[in-house]
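To start, the structure itself, in structure tokens.
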Amino acid sequence: MLNKDQIAQRIAQELQDGWYVNLGIGIPTLIANHIPEGINVEFQSENGILGMGPFPYEGEEDADLINAGKQTITALPGAAYFDSATSFAMIRGQHIQLTVLGAMEVADNGDIANWKIPCKMVKGMGGAMDLVASAENIIVAMMHTNRKGQSKLLRQCTLPLTGVKCVKKIVTNLAVLEVTSEGFKLLERAPGVSVETIKAATEGRLIIDENVREMNI
Amino acid sequence: MLNKDQIAQRIAQELQDGWYVNLGIGIPTLIANHIPEGINVEFQSENGILGMGPFPYEGEEDADLINAGKQTITALPGAAYFDSATSFAMIRGQHIQLTVLGAMEVADNGDIANWKIPCKMVKGMGGAMDLVASAENIIVAMMHTNRKGQSKLLRQCTLPLTGVKCVKKIVTNLAVLEVTSEGFKLLERAPGVSVETIKAATEGRLIIDENVREMNI
Amino acid sequence: MALNKVVENVQAALEGVENNMTFMLGGFGLCGIPENAIKELVRRGITGLTCISNNAGVDDFGLGLLLQGKQIKKMISSYVGENKEFERQMLSGELEVDLVPQGSLAERCRAAGAGIPAFYTPAGYGTEVAEGKEVRIFDGKPHILEMAFQADFAFVKAWKGDTAGNLIFKATAKNFNPMMAMAGKITVAEVEELVPAGALDPNQIHTTGVFVQRIFQGTDYEKRIERITTRPKV
Amino acid sequence: MALNKVVENVQAALEGVENNMTFMLGGFGLCGIPENAIKELVRRGITGLTCISNNAGVDDFGLGLLLQGKQIKKMISSYVGENKEFERQMLSGELEVDLVPQGSLAERCRAAGAGIPAFYTPAGYGTEVAEGKEVRIFDGKPHILEMAFQADFAFVKAWKGDTAGNLIFKATAKNFNPMMAMAGKITVAEVEELVPAGALDPNQIHTTGVFVQRIFQGTDYEKRIERITTRPKV
């Protein structure tokens, strides 16, 4: 079973040289720490920066330089700043090759719910709806089940949707899955995790080929 | 009867302090030479400059600095450059207080035709359709009649339209007229030009009050 | 000569604000917010406001200050609830909240400034954001029709500005400020540094003075950081 | 590390251009046109092209060079006919011409790059430009629906650019270049001065590298002026 950092590490293996990438808050943020050798990517934060660098050293924070999670950041050489309309022009116009974000639920048709729980305080969708509606390549990073042990990979989402038929791939603590027209296709299982465990933790339709390989982590 | 420079001079009297103004090619261009004392306006050229200044001195032309008529220009202190989308955001978004342009025909409901003559070479509308469709305040600068002596102020345009019901005021070599729901209202006549002359030269509906005053030129 | 948009201070800049108006306020989180204008709105105590702003501040800073005084009737934002008073007012029904996808929020501001009354976007299709909105397929993909906003005033904050109203923003403090500057019937810009017309390079202007009706030199900027995050020096 | 978009020369930059493709070309008149790309398109002799460009050059410069070789099938522009060969081909029916209001041309490029499939504008309502287009009333005023363009390649010209593809334009040579850069499936930028990533101030970037697939150092810029207009020294 993977921990959160290992989920990020596994997703980092999906990165391709030359990609622009938008990382959501939570697990996706950790991906920046695991970029494979020889792979060069540039991070976009939707509040207005391309070429986002690491957090600043203590005492070097700049109130005018933050990421979409409102954390202080730095800019790498070759970075550029832009306004919010231009930022979402990049996103909506499919100039960002990969979006990674967390989710509360994913359905086996690619629907995603990650912004609202009815009867609870709603904070808003931020940029998530724009991101999922436009990204050509969306990976969801999440735990396979919720705190009550219920599957987050469903036949149909029960929570209000963020986007429809948009998720392409899911990396959880248990597995790597691809969304196909017939449901979740199990691509890889986490080290030491059996296909049966994944089956039991997945409520949506699950396609299992012979010999599902173990992740290389 | 006014010459072209005097038409420009009369229109310049309409300028109000603090206005942004877009001047079309031809007579409108001459307006910049007649800005009244104490009136401060800024000129926009739709190819991407606010704060357009006079032509450069010989030998100081910059190929990268032209106006919408493709003439070399200069920029005044406080000028700004911008792209074409932003330029027309200013125009379409009604941030420019006055547009002055020439016309081949104006109808007494405010329709204007100034871009195309059927069966002749068509050069295109450039920015004219955007300007007339959006400007709150459009003044047409033109001769009252065409080369054949026919009226250019019509009941209805015969040429393909540039915009509908948009012209507010017309300054010609003979008169100043306002477009009202009942037709062209004669506001002023050029020095030495009789109301009868204007009547004869105007094909569209003409509203004539008693004592039409002579222009102050 | 360049036009002069300078007003003496924040009081003069906010001349004409009234109860029940709609305002746009630049900023992302607490970054790039018009601190001076917000303080003056608090001081004036006007109420019934509709505020279009990506976020709603924190309890004791930014738009949170207007919430404390119950001056806001409705928030139009993409992400809110970083403060308790907001949550209380929202749950009690005192505060109306309209949540808009961030990209649609930005584009609806730009559209307002650009004379585009409406446009199609895929964002929000199939979600509750699309409820009551026209759906249309383009190139096989469903989109929804989103409308331009309208605002009586837009309050923006820039790094540098000149007397003609030209603005330059710094780093990610740019965010929503340029589009909101385009969209206000009256746009009020406060700047950290006000310089004479001609002092800024015309190639480097982010927002041209044509969009700005009033500009003033801001004072006492706190520029609070919401989440200071650092790494250790190696 | 910033991504590297640099290609060696114009030949490499135009890899993949083919007959019958649709191109966008930046520039207003002869100001800010991608001189190197145009010359290379002429050299390659590809034909059947659809060119989206505000103007069509003059007889012996700019897009006029492509017209001389009868490489263009269709022009989508706002203002054309500054050259005799254009006129001849248009009147003889060899050349198809689609005239678009300049603001709609600019916005349709931006829309293409911004993932906005369509938008409403008042420009052209009631004219032949509106023929066959949806009309809708917003706030009492009629608007027409305009669609985003599509382009296989966009060719733009900038003043300075860095290896990451970030661009800075000079004065009014900016014009259509930034929106077209956003809109090309492959955007090729040629620059007067190519510098290393990090050499340009990130606050001053006009077009970010995310929109640019290939960048190269242009050569032999003529930068011809269409209408030299001067005033006498007093």
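Proteins come first, then strands; the chains are lettered A, B, ... in the order of their sequence lines, and each starts at number 1. Since the model is a prediction, treat every value here as computed from it, not as a measurement.
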I need the [X] [atom1] to [Y] [atom2] distance, nearest 0.5 Å.
X: D:T127; Y: B:W115; atom1: OG1; atom2: CH2; answer: 7.0 Å
X: B:N47; Y: D:N54; atom1: CG; atom2: CG; answer: 9.0 Å
X: D:Y125; Y: B:C166; atom1: OH; atom2: SG; answer: 12.0 Å
X: B:E60; Y: D:T230; atom1: CD; atom2: OG1; answer: 10.0 Å
X: B:E58; Y: D:T229; atom1: CD; atom2: OG1; answer: 11.5 Å
X: D:Q102; Y: B:M125; atom1: CD; atom2: CE; answer: 10.5 Å

Least distance between heavy atoms, [X] atom then [Y] atom:
X: D:L99; Y: B:V122; value: CD1-CG1, 3.6 Å
X: D:A123; Y: B:A133; value: CA-CB, 3.6 Å
X: B:R92; Y: D:G103; value: NH2-O, 3.3 Å

Taking [atom1] in [X] as the centre, count heavy atoms belonging to other residues, nucleotides or ligands within less than 6.0 Å. Is the count above 12?
X: D:Q150; atom1: CD; result: no
X: D:E94; atom1: CD; result: yes
X: B:I25; atom1: CD1; result: no
X: D:K185; atom1: NZ; result: yes
X: B:N3; atom1: CG; result: yes

Less than 4.0 angstrom from a charged side-chain N to a carboxylate O is my criterion; do D:R227 and B:E61 meet it?
no
Going by an N to O cut-off under 4.0 Å, is there a salt bridge joining D:E128 and B:K116?
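Salt bridge between D:E128 and B:K116, a charged N being under 4.0 Å from a carboxylate O: yes.
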Chain B contact via [X] - which portion, at a heavy-atom distance below 4.5 Å:
X: D:V97; answer: neither
X: D:E192; answer: side chain
X: D:P232; answer: backbone

When only heavy atoms count and the cut-off is under 4.5 Å, which of residues 169-181 of chain D reach chain B?
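Within residues 169-181 of chain D, the residues under 4.5 Å from chain B are D:K170, D:A171, D:T172, D:A173, D:K174, D:N175, D:F176, D:P178, D:M179.
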Top residue by heavy-atom pair count (under 4.5 Å) with chain D, among [options]?
options: B:S87, B:G124, B:S45; answer: B:G124
options: B:A128, B:G163, B:A68, B:A79; answer: B:A68
options: B:D64, B:D83, B:I49; answer: B:D64
options: B:T162, B:D130, B:T74; answer: B:D130
options: B:G127, B:G48, B:A85; answer: B:A85

Counting only heavy atoms closer than 4.5 Å, note whether [X] contacts chain D via side chain, backbone, both or neither.
X: B:E46; result: both
X: B:D111; result: neither
X: B:A80; result: neither
X: B:I91; result: neither

If you count heavy-atom pairs under 4.5 Å with chain B, which of D:A106, D:A56, D:G124, D:P101 comes out on top?
D:P101
Under 4.5 Å, counting heavy-atom pairs only, tell me which of D:H143, D:H206, D:K141 racks up the most with chain B.
D:K141
I'd like to check D:E82 versus B:K70 (side-chain heavy atoms, cut-off strictly below 4.5 Å). Are they in contact?
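D:E82 reaches B:K70 side chain to side chain.
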Not counting sequence neighbours, list each pair that qualifies as a ring pair (Phe, Tyr, Trp, His ring centres under 6.0 Å) and has a residue in residues 24-58 of chain B.
none
